[in-house]
Amino acid sequence: MNLITLSSPHHTQSTGVNKVMLQVLMALVPGIVALCLFFSPIYLFNLLIGCSTALAVEALILRLRRCPVAFHLRDLSALVTAVLLVISMPPLIPWWITVLAVSCALLLGKHLYGGLGFNPFNPAMVAFALMIVSFPVPMTTLWLAPNSGLDFASALQIVLGQTLLPDGISSATPLDYYKTQVGRLTATEIYQSELFFGIWPAGWIWVSLAYLVGGLFLLYKKVFSWHAPLGLLVGLAVLALIFGLDPDSNTPLHLHLLAGSAIVGAFFIVTDPVSGATSRLGKFIFGFGVGCLAYVIRTWGSYPDAIAFAVLLMNFAAPFIDHYSKPRTYGHSTRHQGYK
Amino acid sequence: MNAFSPAPNTQVWPLIGGVEPKENKQQSNGLSIGYLPLPPFLVLPVNQHIGVAAEPLVAVGDQVLKGQLIASSSGKISACLHAPTSGKVVAIEPRPVPHASGLDSLAIIIEPDQQDQWREQEPWPNWQQRSSEELLARLSESGIVGLGGAGFPTASKLSIDQQIHTLVVNGTECEPYITADDLIMRERAAQILAGVAIMAKLLQVKQVLIGIEDNKPEAIAAMRAALEHYQGPEAVIKTFPTKYPSGGEKQLIWILTGQEVPSGRLPADLGMVCVNVGTAAAVQQCIVDDHPLISRITTLTGQVLAQPRNYELLIGTPIVWLLAQLGVTQAERIIMGGPMMGEPLANPQSPVVKTCNCLLLPTQQELPLPPSASPCIRCGFCDDVCPASLLPQQLYYHARSRNLEGLAQQHLFDCIECGACAYVCPSSIPLVQYYRYGKGEIRQEQQQQAKSERAKVRFENRQARLAQESAEKEAKRKARAEAAAKAQAAKAAGDNSAIDQVIKAAQAKSAAAAATKAEGPDLEALKSAVEQAKNKLMMAEERLAKAEQEMPENAAAFRTARDKFAEKLAKAEANWQKAQQETKT
């Protein structure tokens, strides 16, 4: 008898990374559906471009790095990055920016550091920040007003660069609009805009709620714990309550939470395990930091939606947070903190 | 218990972390404990426990009786070994044993004479009348070790100096597949509780806590029924939800008492001692029936076997023979223990040892081999299940990069290697293997450091010695040079008296030196020479004994060496005695 000797345990759940990634992709479906319904189905075309680019670039880099291509492609992480990136960008963004963004995400955001599991920054957010700095005009002006009536064919022509953007089609996001108008108009006047439905951000509220449904599904499936998402929402809410109590002078809380990328950020971005903090306490601190920074940049900075920059800044801090947020080990009276 | 006594406190504290793998216990717990015929030979390794190996007391060719002591414990933490049946010692030689190292180890091989004849026994049905010393003496001769899997000698555990108030009895058996303790509790509950009473008396405890997972209702019922007739300090059966690894000693103590064993310490530091139910039954057999540990209950399970079942097996039964009895001649994997922490067996010729609670022979379908590992995505699933609240993924990163300092900082040595992290890992990373590697590296590093520390001290001493010698030489040279210069000067001056003076001084010096020499030889030096020679002779004798056992053809060379050392010792002793007499006279 020749016996196989392998280290214990001999029993595993064998879920596989791709199952985790697949669950994340599934959880993004309601949000994507809402984007298509309330803004434009052009998101589907953008997703197609983004995902094909992701697979091609990932395969190419894996080949160059002499890694088993099929084995790593199967983990679906490149697709998750591409989908997150595409849904964070404006719908009418030219196709080549999508291609460039996804390539940057995988190349500069991930493989430059050693591939999956080794990137200190969230790849999608690296690419988003790079794009918004490099192409500020298309990245901020090519949003659509909800139910703009733009059909798929015209949108496709715009994205492919075959027609110029017709006047009055693109619009600011509600967060951007509120921020630029808040000094001049009262809250009641701002809410008169077509971007709002009562006091709620038209269209965006449904997108946010759809993301919330997906996020709660992942929470139920225990893909991540509640700490990072709650951290972000609490961080954002606390500052919004302190500084934004008067809707005539500052963006109010409900718009901070529902009009921008706060929900998708809370459930799909700060929950990225690779670039976030490790322990549960660390995850909460990480999310809380992202929420606070997002509020600071949104209110006093020049970017109307600031989740990407907030996440990148907190990515820097993640290893530091890890050193001060270790859980107390069994049999130790205190938590170990710090570097020594 | 009368109606007015307060209800026993059955509070439990929930396990931190943990996983719920498929239990797979129903395959083997349906049948009662089975027995097998006597094997053709028995292989009894002298080290089946934690601690120092036992020393063989028998020689090849000796006849032994069932229960006869064949190897005695040596040192404080060690266990005796007994013949599981009557027969003849046919060999004492290294044999394959179930050990992670895969190395052979010294074993006594007995060929049964099929008489199964007991040595003289002295049962103590009224053990209560015996003193603690008598009980402990019998226990330390019994060869009992922790039967839950760790193999710590029980007598050493029970003869502890610290004040113990609680005896924790472990009937958890949280590993999937294993049902040995389940069956012992169902069939031998009274025995277990008698063993518990004996240990409670030895340790002078105030309370006994019995912990059983709620997936063993029959065992719980049997233990509850037996508790009616139990006589001893207050005993409480606590049941709690089935979750792996509730049965780890530290985890069980937390579940039953809400207290944590401090890092790097023992339960005794909390005033507790934890024993397995199988061990308790063995203690009863040893004290009451004068029946040393020569057999144990082992679960034989896995889909390779036609009928998984628990058997009472003689220690030393060759596993390959055992499997053949059950109709198994081919197997891919044999796991000694459960699927979570069991050791893979490298050689089927290995025997059943005292710590072998389960032999698991899984098929590929039921326990597939792990797929290749993907990169860690830091998902944190492992953090959630770690029963020690460690951060397994951080440990993995540090182990991977051989960052020993980082490993120590992350409390690597608080890891109990339960495997819950690797069980949930979506990337199929063999995490526990990394932790074992890390622990090994750190231990090696510490040994290296201690060694280099000793070397440093030796080096510094040598440097100091050399410096002193050269300083002395330099001083002598200077003195000679001065004397020569003086002589030269005197000669030049033609002053003979000066030369005389110098010569006289030199003569006086040599006379003084001679006087010190005549004061007698250095007794201390001679004495230490004798000691050294003695040591060397002893070592040579040891080597000779080993050689005679292991390679008799080379024994002659070792004998010559031994004789030479003996001669040297005689010489050294003669020198010393002579010197002593000289000093006396």
Side-chain angles (χ1 to χ4, degrees), chain A residues 1-21 67-68 71-72 74-75 77 114-119 222-225 227-228 271-280 282-283 318 322-323 325-333 335-340, chain B residues 16 21 102 176 250 254 260-265 320 330-335 339-348 360 362 367-372 374-380 383-384 387-391 393-394 409-411 414 417 419 422-428 430 432-433 436:
Chain A
M1 266 190 255
N2 269 332
L3 297 174
I4 303 171
T5 55
L6 278 175
S7 172
S8 65
H10 311 279
H11 189 190
T12 58
Q13 265 180 336
S14 59
T15 37
V17 174
N18 55 356
K19 196 179 160 199
V20 177
M21 296 293 175
C67 296
F71 178 78
H72 286 290
R74 238 179 287 140
D75 67 30
S77 64
L116 181 65
F118 296 97
N119 45 303
K222 294 188 176 161
V223 169
F224 48 71
S225 66
H227 300 77
T271 51
D272 168 37
V274 177
S275 55
T278 307
S279 68
R280 293 181 159 208
K283 282 174 177 154
D322 278 347
H323 277 290
S325 61
K326 281 180 226 161
R328 183 184 65 82
T329 311
Y330 179 106
H332 290 257
S333 50
R335 291 195 296 123
H336 176 266
Q337 289 181 321
Y339 292 82
K340 281 287 152 201
Chain B
I16 294 157
K250 291 176 170 181
W254 162 259
E260 292 181 13
V261 181
S263 174
R265 312 296 293 274
V320 70
Q330 266 306 318
E332 250 186 349
R333 275 181 290 173
I334 303 177
I335 297 160
M340 299 300 284
M341 285 184 82
E343 287 284 349
L345 200 67
N347 193 331
L360 172 59
L367 292 182
L369 294 175
S372 359
S374 320
C376 168
I377 55 166
R378 311 203 334 140
C379 62
D383 302 351
D384 296 344
S389 301
L390 295 165
L391 295 172
Q393 38 147 335
Q394 297 289 90
Q409 242 180 50
Q410 296 281 349
H411 303 311
D414 289 302
E417 300 180 19
Y423 173 77
V424 296
C425 180
S427 299
S428 307
V432 179
Q433 206 171 349
R436 292 202 186 111

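The figures that follow rest on heavy atoms only: side chains count, while hydrogens, waters and symmetry mates do not. It should be emphasised that the depicted structure is a prediction, and the values quoted were computed from it without experimental measurement. A, B, ... follow the sequence lines: proteins, then strands. Residue 1 opens every chain.
When each of B:Val424, B:Leu345, B:Val261 is checked for heavy-atom pairs under 4.5 Å with chain A, B:Val261 comes out on top. Across B:Leu367, B:Leu360, B:Asp383, B:Ile377, the residue that shares the most heavy-atom pairs under 4.5 angstrom with chain A is B:Ile377. Most heavy-atom pairs under 4.5 Å with chain A: of the set B:Gln330, B:Glu332, B:Gln410, B:Met341, this distinction falls to B:Glu332. Interface remark: of the candidates B:Pro370, B:Ala331, B:Pro21, B:Ala331 forms the most heavy-atom pairs closer than 4.5 Å to chain A. Chosen from B:Cys379, B:Ser428, B:Pro362, the residue pairing most often with chain A at heavy-atom distances under 4.5 Å is B:Cys379. Ranked by heavy-atom pairs under 4.5 Å with chain A, the list B:Asp384, B:Leu390, B:Asn347 is led by B:Asp384. The residue among A:Pro327, A:Gly114, A:Ser225 with the most heavy atom pairs within less than 4.5 Å of chain B is A:Pro327.
Proximity to chain B is absent for every atom of A:Asn119, based on heavy atoms less than 4.5 angstrom apart. In this structure, chain A has no heavy atom under 4.5 Å from any part of B:Ile16. Using a 4.5 Å cut-off between heavy atoms, A:Arg328 touches chain B through backbone and side chain atoms alike. For A:Lys222, the part lying under 4.5 angstrom from a heavy atom of chain B is the backbone only. Interface remark: A:Val274 contributes backbone and side-chain atoms alike to the contact with chain B (heavy atom separation under 4.5 Å). Of the atoms belonging to B:Ile335, it is side-chain heavy atoms, and not backbone ones, that fall under 4.5 Å from chain A. Within the 4.5 angstrom heavy-atom criterion, atoms from both the backbone and the side chain of B:Pro262 approach chain A. Contacts of B:Leu391 with chain A are made by side-chain atoms alone, with heavy-atom separations under 4.5 Å and no backbone atom involved.
Heavy-atom minimum distance, B:Ser389 versus A:Tyr330: CB-N, 4.5 Å. Of all heavy-atom pairs spanning A:Leu3 and B:Pro348, the tightest one is CD1-CD, 3.8 Å. In terms of heavy-atom proximity, A:Val17 sits nearest to B:Pro375 at CG2-O, 4.4 Å.
Here NE2 of A:His332 is found 4.5 Å from NE2 of B:His411. Values are rounded to the nearest 0.5 Å. To the nearest 0.5 Å, atom OG of residue B:Ser374 and atom CG of residue A:Asn18 are 8.0 Å apart. Distance OG1/A:Thr278 to CD/B:Gln394: 4.0 Å, rounded to 0.5 Å. Rounding to the nearest 0.5 Å gives a distance of 6.0 Å between CG of A:Leu6 and CG of B:Leu369.
Proximity of B:Val432 to A:Pro9: side-chain heavy atoms (C-beta onward) are separated by under 4.5 Å at one or more points. A 4.5 Å side-chain heavy-atom check between B:Pro344 and A:His10 finds at least one atom pair inside the cut-off.
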Derivation of the side-chain contact (heavy atoms from CB on, under 4.5 Å) call for B:Gln409 and A:Lys326: CA-CA 10 Å; B:Gln409 242 180 50; A:Lys326 281 180 226 161; 4.0 Å; yes
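Each of B:Glu417, B:Glu343, B:Arg436 was checked for a side-chain hydrogen bond (donor to acceptor under 3.5 Å, both in side chains) with A:Ser8, and the lone residue meeting it is B:Arg436.
Distance alone, capped at 3.5 Å, is enough to place a donor-acceptor pair between the B:Arg378 side chain and the A:Gly276 backbone.
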